[in-house]
Each structure stands twice: as C-alpha cells, then as structure tokens.
S.K.: 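Take this structure, written in structure tokens, and hold onto it; I'll ask about it next.
The sequence lines fix the lettering, A, B, ..., with proteins before strands; numbering per chain opens at 1.
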Amino acid sequence: MIDEHLLDDLALQNGLLEVDARLKLAVGIGAILIGVFSPSPIAPLAIAASMAVLTIGFARIPARIYAALLAIPVSFVFMSIIVILFMTGGGEPLWDIPILGHTFSLTTDSANLAVLLLSRTLGGMCSLFFIALTTPMVDIFSVMNRLRLPDEFIDLSMLIYRNIFVLIGESIAIHNAQVMRNGYSTFRRSIDAFAMLAGMLFVRAWEKGEEMLVAMDARCYDGKFQMIEEERRISATGIATATGYLCACAGLAVIFRSFSLF
Amino acid sequence: MHLIETRDLTYVYPGGVTGLHGVNFIAPRNARIAVIGANGAGKSTLFKHFNGIMKPTSGQVLVHGEPITRANIREVRKMVGVVFQNADDQIFSPTVEQDVAFGPTNLGLDEETVQHRVQEALRMVGMEDRATRVPHHLSGGEKKRVAIAGIIAMEPQVLVLDEPTAGLDPQGVSDLVGFINSLSRTYGMTVIFSTHDVSLVPEIAEYIYVMGGGKIVAHGNMSDIFEKDELLTSVRLDLPCIPKLIRSLWEHGIEIDMAYTQKDAESAFLRAFRGSG
C-alpha cells in the first residue's frame, strides 16, 4: 500500500492542489503555533479534528493512509506519556500503584500534562500532515523564493528533494538484489546485508553527486537555478477563510486557557 | 576549420589504464557522425573530451580550431552540448521545465528568452504537455527526452549523444531517430552519437568512426564501413541487418543494389524483383 513516492504522489493529486500554497502554509504553520502555545488541550484537539477533516474531506487523502501516517507519531507520544505520568508530580494523587515496595503515584498535574502533550502532538502533526499532503514540494520552493530566502538555501533544498528520490530508488534496487539472493533470510544475514546496503548507499550517493556535478558543469553551471512561477494572486475569500479559521483556533485557545481535565 | 577536432588524443586513467590511444577525430559542420564500438571501446571517454569534462593526457582537442582552456570552457560548453548515457544523473531539478531551464539560465539569458527556449525544446522532444511533472514520475524514455531537451535549450552547434537509445523501447528509438534527424535538417545542428546498435547507424549517420580498444580502427561512409564483416567482427560488432541480408542474397546470385536504410532497401528490393522501371 505504501511505496516510496506515496506522500509525494498524494500531494501532487490532492483535492486542494489549486489552493494557493501561501494560504495552505499560513494555515498549517499558524495552527501549529496556536496549538503549541495553547495552555489547554481544547484548541489543539479542535485543530487536530479540523485539520483531519480538511485533509481527508477536502483534500481527499484516503483515510486509511492518513491513519497509518498518524499512527507513527501517536505511538511515540504514548511512550512519552507513560514516562510523564509517573515521572512528574504535583497536585492531588489520582492513583497509587505499589510496585516492589515503592509507591508510584499518578497525580492530577501529571495527568493534565500528559493530556496536553497528547493534544499538542495531535494538533501539530495533523497540521504538518495538512501541509505535507496538500502542498507539493515544488510549490513550497516557489513560496520560499517569494519570501526572499537565500538562493543557496533554496537551491540546496531543490537538489536534496530530487536526490531523495534518486537515493530511495538506489536503496530499493540494492535491497531487491539482496532479497533475491536470500540476503535477509536469517537475523545474522540481515544485519550483514543491511550494513552492506548502508555502505553501498554511501558510495552510490558520492558517485551520484560527482556525476551530477559533471552534468551541471556540462550545462555551464554558474550558480543559478531558474524558478518558474506564474504570478498568482490569493483570492479575497481564501484570505478571509484562512484568517477566520486561525482566529477561531486562537479564540478557543484564549477562552479555554485555564481549562484542565483533572 | 572543423567544429571539433582531436589530434593524437591520448588519455590514461589515473590507475594507469589507457582509455584512448592516439585518437584523430574530425567533426565538420552539419555532419551526422556515428561512433560505433563495443562496450569499453572508449566512446564515452572520447565524448567527455569534447566539452572539457576530461582533459587529454597528451594530444589536443580543438573546438573551432581552439584548444579548450580555462578561459574558453564556458564558450565550448555552450557550443558542444553533451547528453550522457544515464539520464537520471542529468536531471536534478524538481520539475521538468525547471530542469530544461537550467542551461539557458546559466547562460545568463533573460527570463522571457529562457521560457521561450524551454517551450521550444520541450516541443521538439514531444514533452510539452509534461512540463510541470516531477522527474521521478517519468519513464526511462521520458527522462531521456528531458535530458536531451535540457541540452537543446542551450542551442548548441554540436549535439553529442552518448548511447542515446540505451534502454529505450522500439517506439522510443524511432521517435528519437525522428527528432535527431529533424534537429540536424531544420536547425543545421551537427550530431555526434555513439552506439553499439549498428542497425541504428544508417538511420541517422552519414559518416562512421569505428572504435576498438581505445583506438579509431576505421572511419568512412556507410559503404566503406559496411563493405566487409571482418572489420566489424574484429571489434566485437556485426553488420546491420539490411546490408547483411543483401550480402547473403548476393552469395545466392541474386542481383540487388546495396542499401543501408529501410527505405533504400525497400526500393532496392522492388527494383530487383519487379525489374527496373
């Protein structure tokens, strides 16, 4: 179900492709900031929910793929939550667990912190996935160009973007060649094979880099990349909708600033 | 004065292996030249000398009669456009049109001219409807076309293609033959290409260099090179299908004119079987 171009393919075919990249970036980054600065879990949860609706409903990203993507950060955050629940203190004890003669207490403050962490992670990741799944990298480069970011930075990003796919292709080719010859049949062999893959990939990356330099020189490389972009104006409704959305999120964060679950 | 000329060009790899040995090569204006040779014959090494990517160990490479120096290398690369074998290594921009624009932009042309050249180059290779695609969504043949468009957009006087048909499907090969011939006829571009697919040679070239073991073992026009098998088999090549067939018909006593391209063969066969007239 998931192949190496998946995220890029989805972004290039999503239902919000025609919406100006600047608007999508503003909404996504704005929502991340509001979520991170919100003292209560309400605003980040609302952001997570609305971003999920935008991404699945409007951008038409398949829900199964979205859930699979979200499972990655969620599994990480659950591991951190367990640590936070038992390692931080303050407030009233909610639950005392005796383990080997010691008592581990789960307190209201630690529970609130855990919920806040979960909601901020969800809000942030949903906003990030909204950007990643609705805005192709090529559009982001042109926004970077408009923002007058240094050329060196943009050129380097473009080369990295292109070469990510070249290297993924190489690693898949090497991996396939190894699998075909039983490279991963036992644990020991898979460690050997993986080490070989990593080593080969380094060498190939180096070679590809040199070949690319030759190809660039052959076309008179002079430190310039061309940015092709048509002049686009953001529609007034677009700006109004984005501003309205961000204001609503900020409003939720302010209104529920002292709300806590426990 | 010739567009490209090499005089006693010798190249020894840093490891001590000789890549080229005393190569004398001449590319006149408007020529269509095939360099044929088996794997490892030195074709790619020779081509990398044409635009100064490799520097001769001894001997000279002259472009418009001038040796390639640090001072004129940009001019040389503007005149001599080289399309390398592996298209993947040549496409490094996020979109097709950005990649084709790379060369013209670096020539310092203004944005409008660059745009115009990009459109024109993509139209020539039949990729104008795929300008905004990302390169990793292209097929092998499409990547090849983009790589060629990237060079055409710089409007070089010489188009050098290293194994242009490697990895292309039959339709891709005939498309390629079509637009290389039109570049040569319409724009007067000089074309130099390497291949070990001998049947491709008569479709594009009018002059042939045969390489083997880092040397030029023979050069001449179609009838000189395809006259006898020994020359080609000695460098691990073979006669193209059509002259080979006609030669074996001769051995059976059938009178037929020699032909090299499919079109010429067709009329030769018609003449032979229907009688001239």
S.K.: Distance from S44(B) atom OG to F84(B) atom CZ, nearest 0.5 Å?
M.R.: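 Spacing of OG (S44(B)) from CZ (F84(B)) equals 9.5 Å.
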S.K.: Please classify the contact between V114(B) and chain A as side chain, backbone, both or neither, with a heavy-atom cut-off of under 4.5 Å.
M.R.: side chain
S.K.: Rounded to the nearest 0.5 Å, what separation is found between the OG1 atom of T195(B) and the CG atom of L200(B)?
M.R.: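 Going from OG1 on T195(B) over to CG on L200(B), the span is 5.0 Å.
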S.K.: Short question: side chain of H137(B), backbone of R133(B) - any donor-acceptor pair under 3.5 Å?
M.R.: no
S.K.: Measure distances from N163(A) to the heavy atoms of chain B and classify the residue's part below 4.5 Å as side chain, backbone, both or neither.
M.R.: neither
S.K.: Just so I understand: if I count every heavy-atom pair under 4.5 Å between each of I91(B), N51(B), L107(B), T132(B) and chain A, which residue has the most?
M.R.: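 The residue among I91(B), N51(B), L107(B), T132(B) with the greatest pair count is I91(B).
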S.K.: Heavy-atom distance under 4.5 Å to chain A: side chain of D99(B), backbone, both or neither?
M.R.: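 Looking at D99(B), backbone and side chain both touch chain A.
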S.K.: What residues, two or more places apart in sequence or in another chain, satisfy ring-ring contact (aromatic ring centres under 6.0 Å, His included) together with F102(B)?
M.R.: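 Listed in chain order: Y221(A), F225(A), F92(B).
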S.K.: For M137(A), is it the side chain, the backbone, both, or neither that has a heavy atom closer than 4.5 Å to a heavy atom of chain B?
M.R.: neither
S.K.: Non-hydrogen atoms of chain B under 4.5 Å away: do they reach the side chain of I168(A), the backbone, both or neither?
M.R.: neither
S.K.: Applying side-chain contact (heavy atoms from CB on, under 4.5 Å), can you list everything that pairs with T121(A), at least two apart in sequence or on another chain?
M.R.: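 Once residues adjacent in sequence are excluded, the partners of T121(A) under the side-chain contact (heavy atoms from CB on, under 4.5 Å) criterion are V77(A), L117(A), M125(A).
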S.K.: Which atoms of V160(B) are under 4.5 Å from chain A, going by heavy atoms: the side chain, the backbone, both sets, or neither?
M.R.: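 The answer is neither part of V160(B).
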S.K.: When heavy-atom pairs shorter than 4.5 Å are enumerated against chain B, which of L159(A), D217(A), D155(A) gives the highest number?
M.R.: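 Winner by heavy-atom pair count: D217(A).
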S.K.: Taking everything shown except M1(B) itself, do over 12 heavy atoms lie less than 6.0 Å from its CE?
M.R.: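 Incorrect, the count does not exceed 12.
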S.K.: Tell me if a side-chain donor or acceptor on T6(B) pairs with a main-chain N or O of L9(B) at a distance below 3.5 Å.
M.R.: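 No, the answer is negative, given that no donor and acceptor are paired below the 3.5 Å cut-off.
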S.K.: Under a 4.5 Å heavy-atom cut-off, does chain A meet the side chain of V83(B), its backbone, both or neither?
M.R.: neither
